[in-house]
A.B. asks: 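Dumping the structure here so I can ask a few things about it.
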Amino acid sequence: MKSISFSKGIEKDININIYMNYYEEFLSKYVSKYGSLLIIDASLKKYFNYNNNNIVFIKGGPEAKYFDRYVELCKLITNGDYSNIIVVGGGSLIDMVGFTYNTLDFPKANLIAVPTTLSSMIYLPVSGEFNLDMNYTKNYLKVSGYPDLVYVDPYFCKFLDKTAMKKQFIFGYLVGLLFDKKFAELSLRYSKNFIKLDLEEYLYIAIKNVLSLYSNDLGFPGTRLSKFIIEPDFKMNNFFVESECLSFIFLSYLSCKLGYLSGNNFEHLVSDIKSSLGFSNLPFKSLKAKKFSIPINEILLTDDGFINYYINYTELEELLPEFKVFVRSA
């Protein structure tokens, strides 16, 4: 087992464990434990033989973050006298459960997150916030909070659609561009072929790099920006990977325009993403600069890493139209 202790100073100490094929033993500790509620993605129901009263299966994906799902879970937690909440699912389900846990007033013991998609394993729920959709707007609501424990079992990836899983290696590529170019190249190879894939070691490296961002109060590159350049309707929830990639490409474009990233490295990055993900599914038609008055704290790429940068609305307004032309031509 690989373990990482992630500290947010006086706010929180979070234990992150990465171990292959341990989920059944781990979850069995809570199946019959009084005061514990297990919330599991409904798509995984066929892999579990649980039939206990303290287990509920909820559909993951875009619908998980609908406001009515939040209300239903509020009633379930408060009526069931639960204190330990264990969520097993992808990023959307973890977001909804984390949001619920941190907004309800009830005796709390632990919030435990078990991510089950490759993207949610890399994109760990320890950034310090949980989001919920509302009024046909993605991540309209936000609350501060952290899980107490994150348990990452790469075995869950065996249950994923292989095409979807290959696409999610792009997140390892993006974080590799910031910290380790060889890791970025490895991610691209895995996005095409799983041969000799050591997921436990791969995730350990990816997670350590992402935690380096979170420990410095930085978000995953492009996540904060995406709210201000991509139309926030529910349709975009179906293209999480594509939306995040499009925001990252725009950050790279801005990095190149401001002289932090060379033209050759930018072209190489675009070529890599095209070969791995393709551009046909990128939602460039939904690109639109949304007005804001306070600069967005984001990350720009450099030829040998990244820098922290505050993007203002004027820069978006000026560069987004020409970026849309670039994406169309690419």
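The shown structure was predicted, so the numbers you read here are calculated from the model rather than taken from an experiment.
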A.B. asks: Is the terminal nitrogen or CZ of Lys2 (NZ for Lys, CZ for Arg) located under 6.0 angstrom from the six-membered ring centre of Tyr19 and within 45° of that ring's axis?
C.D. replies: no

A.B. asks: Between Ser92 and Asp95, does a side chain to side chain donor-acceptor pair (under 3.5 Å) hold up when you go through it step by step?
C.D. replies: CA-CA 5 Å; Ser92 293; Asp95 239 5; over 6 Å; no

A.B. asks: If hydrophobic clusters are built by linking Ile, Leu, Val, Met, Phe, Trp and Tyr wherever their side-chain heavy atoms come under 4.5 Å apart, do Leu261 and Tyr310 end up in the same one?
C.D. replies: no

A.B. asks: Under the side chain to side chain donor-acceptor pair (under 3.5 Å) rule, collect the residues that match up with Tyr202, sequence neighbours excluded.
C.D. replies: Ser187

A.B. asks: Hey, mind stepping through Phe248 and Glu244 against side chain to side chain contact (heavy atoms under 4.5 Å, CB included) and telling me if it holds?
C.D. replies: CA-CA 6 Å; Phe248 188 91; Glu244 294 295 299; over 6 Å; no

A.B. asks: Step by step, would you call Tyr214 with Phe220 a ring pair (Phe, Tyr, Trp, His ring centres under 6.0 Å)?
C.D. replies: CA-CA 8 Å; Tyr214 290 162; Phe220 202 95; 7.8 Å; no

A.B. asks: Please assess Ser120 against Thr117 for the test side chain to side chain donor-acceptor pair (under 3.5 Å), listing each intermediate value before the final yes or no.
C.D. replies: CA-CA 5 Å; Ser120 61; Thr117 61; 2.7 Å; yes

A.B. asks: What pair of heavy atoms forms the shortest contact from Asn102 to Gly145, and how long is it?
C.D. replies: OD1-CA, 3.7 Å

A.B. asks: In terms of side-chain heavy atoms, does Asn265 have a donor or acceptor partner in Ser262 at a distance below 3.5 Å?
C.D. replies: yes

A.B. asks: Can you check side chain to side chain contact (heavy atoms under 4.5 Å, CB included) on Leu258 and Leu300, steps first, answer last?
C.D. replies: CA-CA 9 Å; Leu258 295 176; Leu300 294 187; 3.9 Å; yes

A.B. asks: NZ of Lys324: more than 12 outside heavy atoms within 6.0 angstrom?
C.D. replies: yes

A.B. asks: Which heavy atom of Ile4 sits nearest a heavy atom of Lys208, and at what distance?
C.D. replies: CD1-CG, 3.6 Å

A.B. asks: CG of Leu111 to OG of Ser83: how many Å apart, nearest 0.5 Å?
C.D. replies: 12.0 Å

A.B. asks: For atom NZ of Lys162, decide whether the heavy atoms of other residues, nucleotides or ligands shown that lie under 6.0 angstrom number more than 12.
C.D. replies: yes

A.B. asks: Where does the angle between the aromatic ring planes of Phe240 and Phe171 fall among parallel (under 30°), tilted (30 to 60°) and perpendicular (over 60°)?
C.D. replies: tilted

A.B. asks: Between atom CG of Asn312 and atom CD1 of Ile296, what is the distance when rounded to the nearest 0.5 Å?
C.D. replies: 9.0 Å

A.B. asks: Would Asp272 and His268 count as a side chain to side chain contact (heavy atoms under 4.5 Å, CB included) here? Give the steps.
C.D. replies: CA-CA 6 Å; Asp272 284 344; His268 185 67; 3.4 Å; yes

A.B. asks: Can you tell me how far CZ of Arg69 sits from CG of Leu93, rounded to the nearest 0.5 angstrom?
C.D. replies: 11.0 Å

A.B. asks: For Asn139 and Lys65: C-alpha separation, side-chain torsions, deciding distance, then whether side chain to side chain donor-acceptor pair (under 3.5 Å) applies.
C.D. replies: CA-CA 9 Å; Asn139 293 340; Lys65 293 173 69 172; 2.5 Å; yes

A.B. asks: Would you tell me whether Asn17 and Ser3 have side-chain atoms, one donor and one acceptor, within less than 3.5 Å of each other?
C.D. replies: yes

A.B. asks: Take Ser243 and Ser226 through the side chain to side chain donor-acceptor pair (under 3.5 Å) test and state the conclusion after the steps.
C.D. replies: CA-CA 7 Å; Ser243 298; Ser226 65; over 6 Å; no

A.B. asks: Around atom CG of Asn49, are there more than 12 heavy atoms from other residues, nucleotides or ligands closer than 6.0 Å?
C.D. replies: no

A.B. asks: For the hydrophobic clusters of this structure (ILVMFWY residues joined by side-chain heavy atoms under 4.5 Å, transitively), does one cluster hold both Ile85 and Tyr34?
C.D. replies: no

A.B. asks: Return the orientation label for the Tyr50 and Phe48 ring planes: parallel under 30°, perpendicular over 60°, tilted otherwise.
C.D. replies: tilted

A.B. asks: Can you find a pair of side-chain heavy atoms, one from Leu44 and one from Phe156, that are under 4.5 Å apart?
C.D. replies: yes

A.B. asks: With rounding to the nearest 0.5 Å, note down the distance linking CD1 in Ile207 to CD1 in Ile205.
C.D. replies: 10.5 Å

A.B. asks: For the rings on Phe183 and Tyr173, is their centre-to-centre separation under 6.0 Å?
C.D. replies: no

A.B. asks: Whether the Ser252 and Ser255 side chains hold a donor-acceptor pair (N or O, under 3.5 Å, no angle test) is what I'd like checked.
C.D. replies: no

A.B. asks: Under 6.0 Å from the NZ atom of Lys46, do we count more than 12 heavy atoms belonging to anything else shown?
C.D. replies: no

A.B. asks: Please check if the distance between the ring centroids of Phe159 and Tyr47 is under 6.0 Å.
C.D. replies: yes

A.B. asks: Is the shortest side-chain heavy-atom distance between Leu316 and Phe292 below 4.5 Å?
C.D. replies: yes

A.B. asks: Can you list the steps and then say if Glu242 with Lys167 is a salt bridge (Lys or Arg N to Asp or Glu O under 4.0 Å)?
C.D. replies: CA-CA 9 Å; Glu242 290 82 0; Lys167 188 168 67 172; 3.1 Å; yes

A.B. asks: How far apart are the closest heavy atoms of Ser276 and Ile170, and which atoms are they?
C.D. replies: OG-CD1, 4.0 Å

A.B. asks: Leu251 and Gly222: which non-hydrogen atoms are nearest, and at how many Å?
C.D. replies: CD1-N, 3.3 Å

A.B. asks: With respect to Val88, which candidate in Leu27, Val97, Ile55, Ile112 satisfies the side-chain contact (heavy atoms from CB on, under 4.5 Å) definition?
C.D. replies: Leu27

A.B. asks: Which atom pair, heavy atoms only, marks the closest approach of Glu298 to Leu225?
C.D. replies: OE2-N, 3.1 Å

A.B. asks: If I take atom CG from residue Leu38 and atom NZ from residue Lys33, how far apart are they, to the nearest 0.5 angstrom?
C.D. replies: 11.0 Å

A.B. asks: Using 0.5 Å steps for rounding, measure from the CG atom of Leu73 to the CG atom of Asp68.
C.D. replies: 11.5 Å

A.B. asks: Are there more than 12 heavy atoms of other residues, nucleotides or ligands under 6.0 Å from atom NZ of Lys108?
C.D. replies: yes

A.B. asks: In the structure I gave you, are the side-chain heavy atoms of Asp153 and Met20 within less than 4.5 Å of one another anywhere?
C.D. replies: yes

A.B. asks: Report the C-alpha distance between Tyr101 and Phe106 in whole Å, list the side-chain angles of each, state the deciding distance to 0.1 Å, and finish with yes or no for ring pair (Phe, Tyr, Trp, His ring centres under 6.0 Å).
C.D. replies: CA-CA 9 Å; Tyr101 183 87; Phe106 71 104; 5.6 Å; yes

A.B. asks: Aromatic ring centroids of Tyr70 and Tyr66 under 6.0 Å?
C.D. replies: no

A.B. asks: Tell me whether the count of non-hydrogen atoms from other residues, nucleotides or ligands lying under 6.0 Å of NZ in Lys288 goes above 12.
C.D. replies: no

A.B. asks: Step through the shown structure and confirm whether more than 12 heavy atoms of other residues, nucleotides or ligands are within 6.0 Å of NZ on Lys45.
C.D. replies: no

A.B. asks: Answer whether the closest heavy-atom distance between the side chains of Tyr260 and Ile307 falls below 4.5 Å.
C.D. replies: yes

A.B. asks: Within the 4.5 Å heavy-atom criterion, are Leu254 and Phe323 side-chain neighbours or not?
C.D. replies: no

A.B. asks: Taking Met1 as the starting point, is it possible to reach Val152 by hopping between hydrophobic residues whose side chains are less than 4.5 Å apart?
C.D. replies: yes

A.B. asks: Any side-chain heavy-atom pair from Phe326 and Val270 closer than 4.5 angstrom?
C.D. replies: yes

A.B. asks: Evaluate the side chain to side chain contact (heavy atoms under 4.5 Å, CB included) criterion for residues Asp133 and Tyr140: first the C-alpha distance (whole Å), next the side-chain angles of each, then the deciding distance (0.1 Å), finally the verdict.
C.D. replies: CA-CA 5 Å; Asp133 300 332; Tyr140 184 81; 5.9 Å; no

A.B. asks: Before we go on, tell me: are the rings of Phe179 and Phe306 under 6.0 Å apart, centre to centre?
C.D. replies: yes

A.B. asks: Is Glu315 paired with Lys257 through a side-chain N to carboxylate O contact shorter than 4.0 Å?
C.D. replies: no

A.B. asks: If every non-hydrogen atom of Phe6 is compared with every non-hydrogen atom of Val126, which pair is closest and at what distance?
C.D. replies: CE2-O, 3.6 Å

